[in-house]
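Report on the following structure.
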Number of protein chains: 2
Amino acid sequence: MRDLIEYRAEILKALGQPTRLKIIDFLRDGERCVCEIFPAIAEEQSNTSRHLNMMLSAGVLSRRKDGLKIYYAIKHPEILEVMDIVTRIVKQDITGRHRLLKAA
Amino acid sequence: MRDLIEYRAEILKALGQPTRLKIIDFLRDGERCVCEIFPAIAEEQSNTSRHLNMMLSAGVLSRRKDGLKIYYAIKHPEILEVMDIVTRIVKQDITGRHRLLKAA
DNA sequence: AGACTATATGAGTATATAGTCATTCACTTG
DNA sequence: CAAGTGAATGACTATATACTCATATAGTCT
């Protein structure tokens with residue numbers, strides 16, 4: 001049970017970085033190869049590759065080879081649920097801050 | 001909209017660390033003061049304080065003063081939903097790995 | 001085999017993070 | 001106001017992270 005915490009942390013950490021979030025957002029509609037991903041998020045190929053690998057070993061993404069290309073996809077649909085919930089929290093908090101700013 | 005990503009990443013990063021996960025787990029039943037939290041998770045008071053502050057500014061926790069004591073609580077119930085989903089993913093993945101190990 | 005394309009990796013750098021120990025700050029109460 | 005308690009912070013260390021540039025690897029096609 002000790003590792004459950006580590007494992008959960010690994011997944012959440014994998015999601016908690018802007019470049020990786022951009023990747024997740026881009027993969028929302030389905031699998032994509034690296035050659036599509038790195039231009040879409042405007043990052044270097046090598047940097048993108050490292051982030052993809054990191055998310056793969058965290059259990060967030062899956063990988064499929066097809067000839068020269070390697071396709072990554074979001075491994076669990078629940079990941080998208082998580083993202084949606086977090087987006088909801090953020091939006092709530094932002095409107096909350098506006099309210100505070102107006103009050104000040 | 002640029003900041004939405006940063007904000008989401010901040011929240012997820014705040015959740016993606018074992019010590020902080022222990023805190024979240026401990027706060028599941030409601031607010032607790034620092035003096036209850038750090039013994040419960042077996043971490044130093046100062047380290048605990050830093051993590052609490054970090055999660056506070058990430059928008060994950062809320063804080064309430066009462067005399068000498070400071071009570072922290074999970075700010076959004078959705079955070080717990082996120083934790084539940086991630087736990088589900090982990091358990092799925094672990095049974096998946098067992099299957100793989102047995103097959104090997 | 002040789003040229004080509006897609007992805008991964010080595011090496012390096014700059015910055016961030018988690019943690020510790022000692023101290024300070026904030027508040028309460030005698 | 002002095003003593004005491006609970007929480008935050010300064011200073012430091014060790015490690016991890018994100019990123020870049022250059023190179024290596026793996027697969028394809030002629």
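By convention in this document, chain letters (A, B, ...) are assigned in the order of the sequence lines, proteins followed by strands, and residues within each chain are numbered from 1.
- Per the geometry, CG belonging to L56(B) stands 14 Å off P belonging to dA7(D), to the nearest Å.
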Fill in the blank from the handout: Nucleotide by nucleotide, nucleotides 22-30 of chain D touches protein heavy atoms under 4.0 Å in the pattern (B base, S sugar-phosphate only, - none) B---BBS--
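- Sorted by first and then second residue, the pairs that involve residues 32-44 of chain A and meet side chain to side chain donor-acceptor pair (under 3.5 Å), not counting sequence neighbours, are E43(A)-N47(A).
- When the C1' atom of dA18(D) is taken as reference, atom CD of E44(A) falls 12 Å away, rounded to whole Å.
- When distances are taken from the side chain of I70(A) to each of dT7(C), dG6(D), dT9(D), the shortest belongs to dT7(C).
- For D84(B), the side-chain contact (heavy atoms from CB on, under 4.5 Å) partners at least two apart in sequence or on another chain are R28(B).
- Of the candidate nucleotides dG19(C), dG6(D), dA18(D), dA18(D) has the atom nearest to the side chain of N47(A).
- A14(B) pairs by the side-chain contact (heavy atoms from CB on, under 4.5 Å) definition with M54(B), M55(B), A58(B), V60(B), not counting sequence neighbours.
- With dT9(C), dA7(D), dT7(C) as the choices, the nucleotide that has an atom nearest any side-chain atom of V34(B) turns out to be dA7(D).
- Here dC27(C) presents its P atom at 15 Å from CZ of R64(B), a figure rounded to the nearest Å.
- If you measure from atom CD of E36(A) to atom C1' of dT5(C), you get 15 Å, rounded to the nearest angstrom.
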Please set out all donor-acceptor pairs under 3.5 angstrom arising from side-chain atoms of residues 69-80 of chain A, sequence neighbours excluded.
| from | atom 1 | to | atom 2 | distance (Å) |
| --- | --- | --- | --- | --- |
| Y72(A) | OH | R63(A) | NH1 | 3.1 |
| K75(A) | NZ | D93(B) | OD2 | 3.2 |
| H76(A) | NE2 | D93(B) | OD1 | 2.8 |

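- Among the heavy atoms of the strands, none lies under 4.0 Å from F38(B).
- Minimum heavy-atom separation, P18(A) to E6(B): CG-OE1, 3.6 Å.
- Taking 4.5 Å as the limit, some side-chain heavy atom of M83(A) sits within range of a side-chain heavy atom of R8(B).
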Polar atom pairs between nucleotides 15-17 of chain D and protein, under 3.5 Å, N or O only, would you list them?
| from | atom 1 | to | atom 2 | distance (Å) |
| --- | --- | --- | --- | --- |
| dT17(D) | OP1 | K13(A) | NZ | 2.8 |

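- Residues L27(B) and I37(B) form a side-chain contact, since some pair of their non-hydrogen atoms from C-beta on lies under 4.5 Å apart.
- Residues R64(B) and D66(B) have side chains in contact (heavy-atom distance under 4.5 Å, counting atoms from C-beta outward).
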